[in-house]
Amino acid sequence: MKSRIRFSFFLNLLVAGMVSSGVCASQPPVRIEIDATAPTRAISSDLVGAFFEDLNYAADGGLYAELIQNRSFEYSATERTEWGPLSFWELVKSGGGEGHLRVGEVRPLHVNNPHYAIMVVTDPGEQGVGLANSGFGGVAVQAGKAYRASFWSYQLFQNRQWGPDSDPGDQATLVSLELRSHSGEVLASQHFEVHGRKWTQYSTELIPSASDEQAQLVLSVHAAGGLAVDMVSLFPRDTFRGHENGLRRDLAEHLAAMQPRFVRFPGGCLVHGQSIHTFYDWKKTVGPIEQRQSQRNLWGYHQTNGLGYHEYFQFCEDLDAIPLPVVAAGVCCQHGGDSPHRGQEGLPMEAMPAYIQDILDLIEWANGPADSEWGAVRAAAGRTEPWGLKYLGVGNEDAITPAFEERFRMIHEVLKERHPEIVVVGTVGPFASGEDYDNGWRFANELDLAMVDEHYYVPPQWFWDNLHRYDAYDRSKAKVYVGEYAAHEPDRRNTLRSALAEAAGLIGFERNGDVVKFASYAPLLARRGHTQWTPDLVYFTQTDIVSTPNYFVQKLFGNHAGDQLLACNLHHEKVDGRLAVSAVQDSRSGDWILKIVNGDDQPRALSISLSGLEMRVPVTGHCVVLTGPSLDAVNDDAEVPVVFPRESPIAISQNFAYEAPAHALSVIRWNARSN
Ligand code: AHR
């Protein structure tokens, strides 16, 4: 795998070299003057973050490292008509074993987890009767790595027919957990003795002897009788930062590499749902995982809530990112609703106090002392220290109607009074302009909101046409969080063209970083074969991760953030075509960072002068160039990316020339203190 990547790297280097030096810049140089003496403007150093929504199997089957699908037998036909509690499980009978499988619901493990499996074994044969799960398209295991395997169980009866008076007797039931390869070879196994009528958790570590991307976990019963089984789970021990019930390490590290300064969660439309009965309920997502209530995910699949608020906040802390949870504004999505004509609906007024209390409880859960009612729930999960919640999104691109305004105002007033320390992030509708945008801003100004959330999914050219969108924003009004944005090609592919358009958009955000505080591309993650929305930032399978060109743009802006905007003038009679430039300083390192997006098919000659900066000798900086063979280039193959960044040294002097390669983002960085 590695040698393929290396070969493709050099191949691409060759292609890129030909692109940037083989074609002459056809236009006169554009003069860029960065003036160190001109006043700088403080900008947000938290500009680039991540927006995580459980969409496209981003959580279960994605970032959440659980390898078993339908671990608690709660899949339901209300999610997909073909699904039920036994979906993704199969009964394995070999070596003369006989038995069958039923769904139990009489004595559940917890009221929030009402179904379980009943394995009835009439003859265990030589190998027992097994219950097998292949995860999300194959359980991928690696030789020599440890996997935490567990299940909950109790004995229903032994060696006799199941009846109301069934009695498990005195003997334990022998049960095995095995990791089996796709061809049936046992890669790891462990035995347990299940005894008694009380739900008990059994756990172990399995270390497979060989790697397999299509393995199965098989729980086998080796005695005649009946056994109740629930919460069959398999996690790699090696999760991101080693947390139990943790996150898939490779995916989480991939996101961490972007250095997101904040994470918005859990949605998106997932937050306000299709009806007032299906708002995302954070309380269902905390506490022991076997007691969490799973539910139908808005995007048409099953959501275990195993990745819940504790895990989201932990992820933020591990990333050193600001947590930005979002709650519904008391209304459901304008495309949902229970009425036949559909449309936004608001919670009945009598339900609002309880709903607002849930929001106050969330703040207490996040920030309250460990002996407060909800702080104690946090502490019981092992987190005594507060999480330090500072921002709370209220609403998600809702239509700005009287129903919305009335409910938002109620929530806002209570938060302002009880938690003035929390920054409420409002919403200004789903589009970059139009009725909801105008009304959203009018309403935000009326309430004197500190920040609002703008969304836009637009064609690539829109970003170029709107490079100066925020130049004219009123600095005395709410700050902007561009909570969801992406450049959409007609075929919804992640082309280099779309990535560069977003880079140009980010230049505009950065140049107005005193107004645009946060920005997050959307959506973030998508499991191949399970997408409900494209394009996305990162695609993955159980083993591979594809970095889109768009991901590299986010990463470059995340890795090269500044906190001071430098005066940067572009001089040319007519800077036509697609060129966007920003210059910032990172005051902690003293680095100057120049970002240049050339969205055209020709290289662009630039003459860069640094005035007012004492530079005795030229210094060596770094130049990272993100480009590919054409604007249509995409990264379809995890191992052979076509568009990716490459770094080289660059000599920086008070006047230096740079040829911005065609269709490329260039990031030039040097330390201004070393002079
Ligand atoms: O990012 C995908 C969806 O786009 C979000 O859930 C919603 O807020 C927007 O419409």
Side-chain angles (χ1 to χ4, degrees), residues 48-60 62-63 255 258 260 262-275 278-282 295-301 303 307 312 324-337 342-344 392-400 404 408 425-437 440 451-459 462 480-489 492-494 498 502 505 518-527 530-540 548 550-551 554:
V48 176
F51 161 47
F52 182 91
E53 177 165 18
D54 185 3
L55 154 68
N56 305 319
Y57 279 47
D60 296 298
L63 187 61
L255 300 181
M258 278 170 31
F262 65 88
V263 181
R264 172 180 178 236
F265 56 86
C269 289
L270 192 80
V271 168
H272 57 190
Q274 287 289 336
S275 95
T278 56
F279 292 170
Y280 185 92
D281 182 354
W282 72 271
Q295 66 201 72
R296 180 185 189 275
N297 173 300
L298 166 93
W299 298 100
Y301 55 95
Q303 191 177 338
L307 171 48
Y312 281 126
L324 175 37
V326 185
V327 296
V331 293
C332 75
C333 181
Q334 52 268 31
H335 305 297
R342 299 176 86 80
Q344 185 190 70
L392 182 66
V394 177
N396 173 63
E397 59 175 49
D398 301 290
I400 312 298
F404 165 85
F408 187 101
V425 183
T427 179
V428 294
F431 306 116
S433 57
E435 201 182 332
D436 292 320
Y437 172 85
M451 195 181 283
V452 296
D453 178 11
E454 294 190 353
H455 292 181
Y456 33 88
Y457 298 97
V458 287
W462 185 94
V480 175
Y481 166 33
V482 187
E484 296 182 26
Y485 70 96
H488 281 186
E489 295 275 25
R492 298 284 190 115
R493 280 163 67 85
N494 293 78
S498 67
E502 289 148 11
F518 298 144
S520 45
Y521 178 98
L524 186 64
L525 292 175
R527 186 178 180 109
H530 295 277
T531 49
Q532 293 86 43
W533 182 292
T534 52
D536 305 288
L537 199 63
V538 174
Y539 295 85
F540 60 90
T548 60
N550 316 69
Y551 167 82
Q554 296 294 318

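The shown structure was predicted, so the numbers you read here are calculated from the model rather than taken from an experiment. For ligands, and for the atoms within them, numbers begin at 1 and follow the listed sequence.
- The closest heavy-atom contact to atom 8 (O) of ligand 1, among the options Glu484, His335, His272, comes from Glu484.
- Given atom 10 (O) of ligand 1, the protein heavy atom at minimum distance is Glu397 OE2, 2.6 Å.
- The shortest N or O to N or O distance between Ala522 and ligand 1 is not under 3.5 Å.
- Annotation: His455 places no N or O atom under 3.5 Å from an N or O atom of ligand 1; distance criterion only.
- Ring geometry, His530 versus Tyr57: the interplanar angle falls under 30°, so the pair is classed parallel (tilted spans 30 to 60°).
- Looking at Phe431 and His455, their side chains never come closer than 4.5 Å, going by heavy atoms from C-beta outward.
- Residues Asn297 and Leu270 have side chains in contact (heavy-atom distance under 4.5 Å, counting atoms from C-beta outward).
- Residue contacts with ligand 1 for Asn396 involve side-chain atoms from C-beta outward but no N, CA, C or O (heavy atoms, distance under 4.0 Å).
- Against a heavy-atom cut-off of under 4.0 Å, Trp299 is close to the following atoms of ligand 1: 6 (O).
- Below 30°, between 30° and 60°, or above 60°: for Tyr485 and Tyr521 the angle between ring planes is above 60°, a perpendicular geometry.
- Ring geometry for Trp533 versus Trp299: interplanar angle over 60°, hence perpendicular rather than tilted (30 to 60°).
- When Tyr485, Tyr457, Tyr521 are ranked by how near their heavy atoms come to atom 1 (O) of ligand 1, first place goes to Tyr457.
- Partners of Phe408 according to the ring-ring contact (aromatic ring centres under 6.0 Å, His included) rule, which considers only residues two or more places apart in sequence or in another chain, are Phe404, Phe443.
- Contact atoms of ligand 1 toward Leu55: 2 (C) (distance under 4.0 Å to a heavy atom of the residue).
- For ligand 1, the atoms closer than 4.0 angstrom to any heavy atom of Pro523 are 1 (O), 2 (C).
- Tested against Phe265, the residues Phe52, Tyr312, Trp282 include a single ring pair (Phe, Tyr, Trp, His ring centres under 6.0 Å) partner, Tyr312.
- Atom 6 (O) of ligand 1 has as its closest protein heavy atom Glu53 OE1, 2.6 Å.
- Every atom of ligand 1 with a heavy atom of Gly268 under 4.0 Å away is listed here by number and element: 5 (C), 6 (O), 8 (O).
- Annotation: cation-pi geometry satisfied between Arg264 and Phe51 (NZ/CZ under 6.0 angstrom from ring centroid, within 45° of ring axis).
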